[in-house]
Amino acid sequence: TPVQSAQWVRRGALGICFVLIVLCRMVIPAGAADDVVLVLDASRSMWGTVAKKPKYMMVHDAFARALDKRAAMPGVGLSSFGNRSPSSCSDDNALIAPGASDHGRFLSTIGDLNPWGLTPIAESLRRASGTFRADAAGRSIILITDGTENCRGDPCAVARTLKQRSPSLAINVIALS
């Protein structure tokens with residue numbers, strides 16, 4: 001029935017938020033020894049809705065809940081793709097370097113993004129791997145996306161190459177579909 005379908009959609013939206021909150025609290029370092037770079041999909045498809053709410057806003061709200069108790073975020077960086085050009089496959093950028101952020105700046109930066117471009121996942125992973133601090137004890141990339149690579153890159157090949165270069169690197173993907 002339509003009511004049951006709507007309930008499943010709302011549960012799905014709540015599930016996405018819950019997973020983001022739990023993952024952020026688990027993997028975002030409380031201390032300064034490890035680096036985590038969050039790679040956020042800001043392509044036009046993130047305006048798609050789940051339970052009448054844009055996926056992009058769901059991600060922002062989930063981060064707001066997950067990070068509410070972390071005034072300082074010493075090892076967390078933020079990159080995005082798809083937010084500067086509607087048709088460029090080189091539209092990926094490092095927004096906040098690990099070691100240079102706090103809760104307010106992080107959420108403000110996410111809130112200022114305007115999803116409208118393509119999905120260059122492979123290049124975004126490659127560039128995000130170059131933003132880690134040299135003295136970081138551990139390194140992780142968390143990719144949050146709702147789409148597939150549409151710039152002819154091969155994210156799996158890039159991930160394999162990055163892993164070969166840095167065996168301790170962890171790459172996690174949260175797929176919002």
Legend entry - Donor-acceptor contact below 3.5 Å, side chain Thr49 vs main chain Ala51: no

Legend entry - Shortest non-hydrogen contact between Arg127 and Ser90, atoms and distance: NH1-O, 4.2 Å

Legend entry - Gly138 backbone acceptor or donor facing Asp34 side chain under 3.5 Å: yes

Legend entry - pair Ile142-Val39: side-chain heavy atoms closer than 4.5 Å: no

Legend entry - Trp47 side chain to Trp116 backbone, donor-acceptor under 3.5 Å: no

Inset, instruction - Give the minimum heavy-atom separation between Cys151 and Pro120, together with the two atoms involved. - result: SG-CB, 3.9 Å

Legend entry - Heavy-atom pair of closest approach, residues Lys55 and Val50: CG-CG2, 3.9 Å

Legend entry - Flag, side chain of Ser166 to backbone of Leu162, donor-acceptor distance under 3.5 Å: no

Legend entry - Value rounded to 0.5 Å, distance of CD1 in Ile121 from SG in Cys89: 11.5 Å

Inset, instruction - Examine distances only and state if a side-chain atom of Asp41 and a backbone atom of Ser43 form a donor-acceptor pair shorter than 3.5 Å. - result: yes

Inset, instruction - Start with the C-alpha distance between Ile141 and Leu125, add both sets of side-chain angles, then the distance that settles side-chain contact (heavy atoms from CB on, under 4.5 Å), and finish with yes or no. - result: CA-CA 8 Å; Ile141 295 173; Leu125 290 173; 3.8 Å; yes

Legend entry - Pair Ser80-Asn83, side-chain donor/acceptor within less than 3.5 Å: yes

Inset, instruction - Please answer whether the main-chain N or O of Ser85 pairs with a side-chain N or O of Asp91 as donor and acceptor at a distance below 3.5 Å. - result: yes

Legend entry - Chi angles and distances behind the side-chain contact (heavy atoms from CB on, under 4.5 Å) call for Val76, Leu38: CA-CA 7 Å; Val76 181; Leu38 299 166; 4.1 Å; yes

Inset, instruction - Could you tell me whether the side chain of Leu176 reaches within less than 4.5 Å of the side chain of Met58, counting heavy atoms only? - result: no

Legend entry - Pairwise side-chain contact, Val36 with Arg139, heavy-atom cut-off 4.5 Å (strictly under): no

Inset, instruction - List the atom of Leu107, the atom of His60, and the distance in Å for their closest heavy-atom pair. - result: O-NE2, 3.5 Å

Legend entry - Backbone N/O of Leu169 and side chain of Lys163: donor-acceptor pair under 3.5 Å: yes

Legend entry - Asp35 bridged to Arg133 by N-O distance under 4.0 Å: yes

Legend entry - For the student: nearest non-hydrogen atoms of Gly77 and Phe106, plus distance: O-CE1, 4.2 Å

Inset, instruction - Could you walk me through whether Phe81 and Thr119 pass side-chain contact (heavy atoms from CB on, under 4.5 Å), step by step? - result: CA-CA 7 Å; Phe81 58 84; Thr119 311; 3.4 Å; yes

Legend entry - With Ile110, the side-chain contact (heavy atoms from CB on, under 4.5 Å) member among Ile96, Leu78, Leu95: Leu78

Inset, instruction - Could you tell me whether the side chain of Met57 reaches within less than 4.5 Å of the side chain of Pro54, counting heavy atoms only? - result: yes

Inset, instruction - Write down the atom of Phe132, the atom of Pro98, and the distance for their closest heavy-atom approach. - result: CA-CG, 4.5 Å

Legend entry - Test side-chain contact (heavy atoms from CB on, under 4.5 Å) applied to Arg126 and Thr161, step by step: CA-CA 9 Å; Arg126 186 179 294 110; Thr161 300; over 6 Å; no

Legend entry - Sidechain-backbone polar pair: Glu149 side chain, Pro155 backbone, donor-acceptor under 3.5 Å: no

